[in-house]
Protein chains: 2
Amino acid sequence: MSRERLVVIGGDAAGMSAASQARRRRGPDELEIVAFERGRATSYSACGIPYWIGGAVASEAELIARTPEQHRANGIDVRMCTEVVAIDLAARTVTSRGPEGEAVDGWDALVYATGSVPMRPSAPGFDAPGVHGVQVLDDGVDLIRELDSGRVQRVVVVGGGYIGLELAEACRVRGLDVTVVDRSPTPIGTFDPDVGRFLADAVTALGIRLVLGVGATEVETGPDGRAVAVHTEDGQRLPADLVVLGLGVRPNVQLAVAAGIPLGPSGGIAVDTRMRTQVDGVWAAGDCVESVHRLSGQRLVVALGTHANKQGRVAGINLGGGYATFPGVIGTAITKVCDLEVARTGLSEAEAEAAGYRFVTAHVDSTTRAGYFPGATAIRVKLLAEKRSGRLLGAQIVGREGSAKRIDTLAACIWNEMSVDEVLGLDLSYAPPFSPVWDPVLIAARKAFEAVEADVRADDRA
Amino acid sequence: MSRERLVVIGGDAAGMSAASQARRRRGPDELEIVAFERGRATSYSACGIPYWIGGAVASEAELIARTPEQHRANGIDVRMCTEVVAIDLAARTVTSRGPEGEAVDGWDALVYATGSVPMRPSAPGFDAPGVHGVQVLDDGVDLIRELDSGRVQRVVVVGGGYIGLELAEACRVRGLDVTVVDRSPTPIGTFDPDVGRFLADAVTALGIRLVLGVGATEVETGPDGRAVAVHTEDGQRLPADLVVLGLGVRPNVQLAVAAGIPLGPSGGIAVDTRMRTQVDGVWAAGDCVESVHRLSGQRLVVALGTHANKQGRVAGINLGGGYATFPGVIGTAITKVCDLEVARTGLSEAEAEAAGYRFVTAHVDSTTRAGYFPGATAIRVKLLAEKRSGRLLGAQIVGREGSAKRIDTLAACIWNEMSVDEVLGLDLSYAPPFSPVWDPVLIAARKAFEAVEADVRADDRA
C-alpha cells in the first residue's frame with residue numbers, strides 16, 4: 001500500500017486537531033501529513049487575545065497550546081509562515097508561498113481549515129492605518145505595539161459583540177478612553193434586550209461610553225491617512241486615535257471559492273456531519289464551515305474555538321479510518337464584562353420567532369448561593385419555553401461570579417429536548433455554598449412551567 | 001361543599017411547601033390548613049446549621065426562609081412548639097401536645113413531613129451528655145452554647161460524611177482540636193476512594209485529624225456522666241470534651257409506624273410518584289420518605305433539602321387538586337471542605353457494581369478556566385460509563401473554586417440517559433475565563449468514550 005498524503009490548510013484549532021487525530025490512527029508509514037500555516041504559531045487560542053491585550057495573560061507564548069516543534073515531533077510536517085494561494089481540485093495540488101518561495105504539493109486528502117476574518121465594512125476609511133481587526137496572533141502584536149506607543153488615548157470600538165466588548169474592556173483596563181458603537185439597542189445583540197440591559201450597565205460602570213442603536217458610517221482619516229474619528233448614522237463624530245473592529249467575523253472562504261469548493265446558504269463551507277465537503281477527498285472544519293442549529297434547523301456559521309476543536313477531531317477521526325460525526329450546535333455562548341458574567345444557549349426571542357416557534361418567557365432573580373451564605377450574588381435566569389409543549393427553547397443567564405456556567409445545565413436540557421416541567425424534576429446539586437435550596441435554574445423552570453400553564457388557560461378562555 | 005381540613009405534621013421544607021402549594025390552589029374557604037411544628041421555627045435551612053456554627057452565617061434568623069407569622073398571613077394555621085404524639089388513621093385525628101396542653105384535631109387529608117433524626121449508635125455512652133446530634137435549629141443552639149462555654153477544646157466527630165465534615169470544619173474554624181472517625185477508607189464514603197483521597201488531604205490540611213477505616217465502639221464517660229473520650233474498634237482512645245454525631249440521619253417514622261402507615265424496604269415511608277402513602281388521604285414528603293433511584297431502580301432514603309422542597313411541592317399541588325409527580329433521584333450531592341469542592345451524581349463504582357452494571361471508568365485532570373487565564377485551578381472529573389453502550393452511569397468532581405457545580409451538567413446527561421459519546425457532542429459554553437476550549441466535562445467524556453472503545457476491542461480479542 002502506497003503512502004498517502006494529507007494536506008491541511010490552516011495550523012490552528014481545527015486544522016491541527018484534524019491532523020493530530022488522523023496521526024493517532026494512521027502512522028507516518030501510512031499517511032504523510034503536511035500542514036500549512038501562514039502565521040508564526042500553531043494551535044493557539046485566538047479567544048485569549050483580548051486578555052493578552054488587557055494584560056491578564058502575560059505573553060503570547062501562554063496562548064499557544066502546541067508549538068510547530070511539538071507537532072513535528074508527532075510526525076506532522078508543519079510549514080510555518082507559508083500561505084496556500086491556490087487549490088487545484090482536479091490535479092489534487094496546493095500552491096503555497098513561504099520563506100523558501102513558491103511550491104506545489106500534491107494531496108490525496110485535504111483539510112480546509114482557514115478560520116475566519118474580521119468583518120470590515122466597505123465604507124470609507126475602514127481600511128485606513130489605525131483601524132485594527134483582531135483575529136490572529138500578529139493582530140494582537142500590532143495592536144499592543146500601537147497601545148504601547150503612547151500615541152493612543154481615545155479608542156473607538158466599532159461593534160459591541162463578544163469580541164468588541166472584550167477588546168473594549170482590555171483597552172479600558174489600560175486606562176484609555178473607550179467608546180463602543182453598535183447598531184443593537186443593547187450590547188451583544190444576540191441577547192434579548194432585557195438581558196442586554198445588564199451588560200450595558202456593566203460596560204458603562206467600567207467607564208466605557210456606549211453609542212447604541214446606530215451604525216458607524218465612516219472612518220475619518222487625517223492628513224497622514226490615519227484614522228482620526230468614527231462617524232455614525234445619526235451624525236455623531238467620535239474622535240479616535242485608534243479604531244478597533246468588533247463586528248464579528250466571516251468565514252475565510254476565498255481560496256475555497258476560487259477552487260470550486262461549494263459553500264452553503266450561510267456563506268460557510270458546506271459540510272456533512274462527518275465534515276466532508278461536497279468535493280471528494282476534501283474536508284473542512286472550524287470557523288470557515290457552516291453548522292446546523294438543532295432547534296431552528298438553520299445553517300449558520302459559528303466561529304468558536306470549542307466547535308473548531310470538535311469539528312477538527314471529527315474530520316481527523318474519519319480521515320484516520322474511524323467514524324465520528326459533529327451533531328450540530330444550539331448557540332451556546334458565554335462571556336464576562338468586568339465582573340458581570342453572561343451566557344446564552346438555544347434561541348433568543350428574536351431567533352425563536354424567526355424559526356416560527358411560539359413561546360412563553362419567564363425570568364427569575366435569585367442568588368448564586370443560599371441567600372444567607374457569604375459570597376451569594378445576584379443571578380438572573382431567563383427561559384423561553386414552547387407554547388403548549390413546554391419544550392425548553394432558550395436560556396440566558398446574567399450575574400456575577402459563579403452565575404454563567406450554569407448555562408451548561410440548560411444546554412444539556414435543550415439538547416435533550418426536555419420540557420420545562422421535566423427540567424424542574426432534575427436532581428441538581430444543592431448545598432448552601434453552591435446554590436439556594438431551589439437552584440436558580442429550577443426556579444426559572446418552575447416559573448416557565450407556570451407561564452406555559454397560564455398560556456394554555458388563556459387559550460382555553462379565548 | 002363543606003370545608004375540608006388538611007393537617008401537616010412538620011413545619012420545615014417538605015411540610016410547609018405542601019401547605020403553601022395547597023393554599024395556592026385552594027383558598028381558606030375551601031380548605032383549612034393546620035401545621036404542627038414541635039420546634040420554634042418553620043421553613044428553615046437545616047443544611048445551613050454547620051455554617052452558622054462555624055460563624056459564616058451570623059445568626060439563626062438568617063436560616064429561616066419563612067416565619068410562622070408569614071405562613072399565618074398566608075392562611076396557614078401554624079401551631080409552634082407543638083408535637084404530634086399520635087395519629088389515628090381510623091378516626092382521622094392527630095393528638096398533639098403543645099403550650100396549651102394536649103389536643104385532638106380531625107383531618108380530611110394528612111401530610112406526614114417529620115424529617116429525619118441523626119443516627120445514634122446503640123453502643124455505650126452515645127446517649128451521654130456531651131454527645132451532640134445536629135439536625136434541628138435547637139441542636140445548633142445547644143452546640144453553640146457548649147462551644148461558647150470555653151470548656152471545649154477537643155472535639156471528636158463520629159462519622160465523616162457530608163454533615164460530619166461540615167461540622168468538623170466549623171469546629172476547626174473555631175480553633176478547636178478536631179478528630180474525625182469514620183469506617184470508610186476515605187471521608188464521605190459515597191465517593192470512590194480515588195476521589196475521597198483529595199477530600200482526606202483537604203481535611204488534613206485544615207488541621208483536622210482523620211481516623212479512617214475504623215468505627216467508633218463506645219463513648220467513655222467521666223464521673224459526672226459526661227462524654228470524655230471515643231473508643232475505636234482498633235483500640236484507640238480519642239479524648240473528647242465534646243462528641244458530635246456525623247453518621248448521617250434516618251427517617252423519623254416512629255409516629256407513622258405506630259399509626260400503621262407502611263414503610264418501604266429502605267425504612268422510609270412508602271410513597272407513590274404523587275407522594276401518596278399507602279393509606280388513603282395520607283401523604284408524605286421530605287427526609288422521612290423513600291425515593292426511587294432512576295439508575296439502580298433501588299428504593300432509598302435521601303435526606304436533602306432540595307428533594308424535600310420538591311416533594312412537598314408535588315404533594316401540595318396534588319392536594320390542591322392539581323397534578324404533579326416526583327420523578328426520583330440520581331444521587332446528586334455536593335459539598336465544600338475548606339476551599340475544596342466535591343460533587344457526585346449517578347452511581348459510584350461500588351453502587352454501580354451493586355446494581356449489576358458493568359462499566360469502565362475514566363478521569364481527567366484539567367483546569368476550571370483556560371490554563372493561561374488568571375485564577376485557573378485544578379479540577380478532576382471522573383466518569384463511569386456502561387460497558388458497550390457507553391451510557392453515562394456516574395460522575396464525580398473534585399477541585400477548587402468553580403469546579404463542583406459542573407456536576408449539574410453531568411446530572412442532566414445521566415437523567416437523559418446519554419452515552420459518553422453523546423455527551424462529547426454537547427454544545428457547552430466556552431470562553432477563556434470559564435473553561436479550557438475543551439471543557440473538563442467534555443475531555444472526561446472523550447476519555448470515557450475511548451475507554452469504552454478500548455474495552456470493546458479487548459472483548460473482541462478475548
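Keep in mind it's a predicted model, so treat the numbers as computed, not measured.
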With a 4.5 Å cut-off on heavy-atom pairs, point out which of B:Val423, B:Leu424, B:Asn309, B:Val329 contacts chain A the most.
-> B:Asn309
Against chain A, work out which of B:Ala370, B:Ala65, B:Gly305 has the most heavy-atom pairs shorter than 4.5 Å and name it.
-> B:Gly305
Could you give me the CA-CA distance, side-chain angles and deciding distance for B:His307 and A:Asp427, then say whether side-chain contact (heavy atoms from CB on, under 4.5 Å) is met?
-> CA-CA 8 Å; B:His307 298 323; A:Asp427 187 357; 3.2 Å; yes
Heavy-atom contact with chain B under 4.5 Å, split by part of A:Leu410 = neither
Checking heavy atoms, do the side chain of A:Gln311, its backbone, both or neither come under 4.5 Å from chain B?
-> neither
Given B:Arg344, B:Glu422, B:Glu341, the one with more heavy-atom pairs under 4.5 angstrom with chain A than any other is B:Glu341
Where does B:Glu453 contact chain A at under 4.5 Å (heavy atoms): side chain, backbone, both or neither?
-> side chain
Which portion of B:Ala56 sits near chain A, non-hydrogen atoms under 4.5 angstrom | both
Test side-chain contact (heavy atoms from CB on, under 4.5 Å) applied to A:Asp408 and B:Arg406, step by step | CA-CA 8 Å; A:Asp408 288 351; B:Arg406 277 177 163 88; 5.5 Å; no
What option among B:Ile407, B:Leu442, B:Asp439 has the most heavy-atom pairs under 4.5 Å with chain A?
-> B:Asp439
Would you mind telling me which of B:Val441, B:Asn416, B:Thr325 has the largest number of heavy-atom pairs within less than 4.5 Å of chain A?
-> B:Asn416
Is there a donor-acceptor contact under 3.5 Å from the side chain of B:Thr306 to the main chain of A:Trp438?
-> no
Region of A:Phe434 in contact with chain B, defined by heavy-atom distances below 4.5 Å | both
Tell me, side chain or backbone of A:Glu401 under 4.5 Å from chain B's heavy atoms, or both, or neither?
-> side chain
Could you look at A:Arg446 and say if it's the side chain, the backbone, both or neither that has a heavy atom under 4.5 Å from chain B?
-> side chain
Validation row: A:Trp415, B:Cys413 side chains within 4.5 angstrom (heavy atoms) | no
Around atom CZ of B:Arg294, are there more than 12 heavy atoms of other residues, nucleotides or ligands at under 6.0 Å?
-> yes
Interface check, chain B: of A:Gly425, A:Ser435, A:Ala308, most non-hydrogen pairs under 4.5 Å belong to A:Gly425
Side-chain contact, heavy-atom cut-off 4.5 Å: A:Pro374 with B:Tyr51?
-> no
Please report the closest heavy-atom contact between A:Lys405 and B:Ser429, naming both atoms and the distance.
-> NZ-O, 3.1 Å
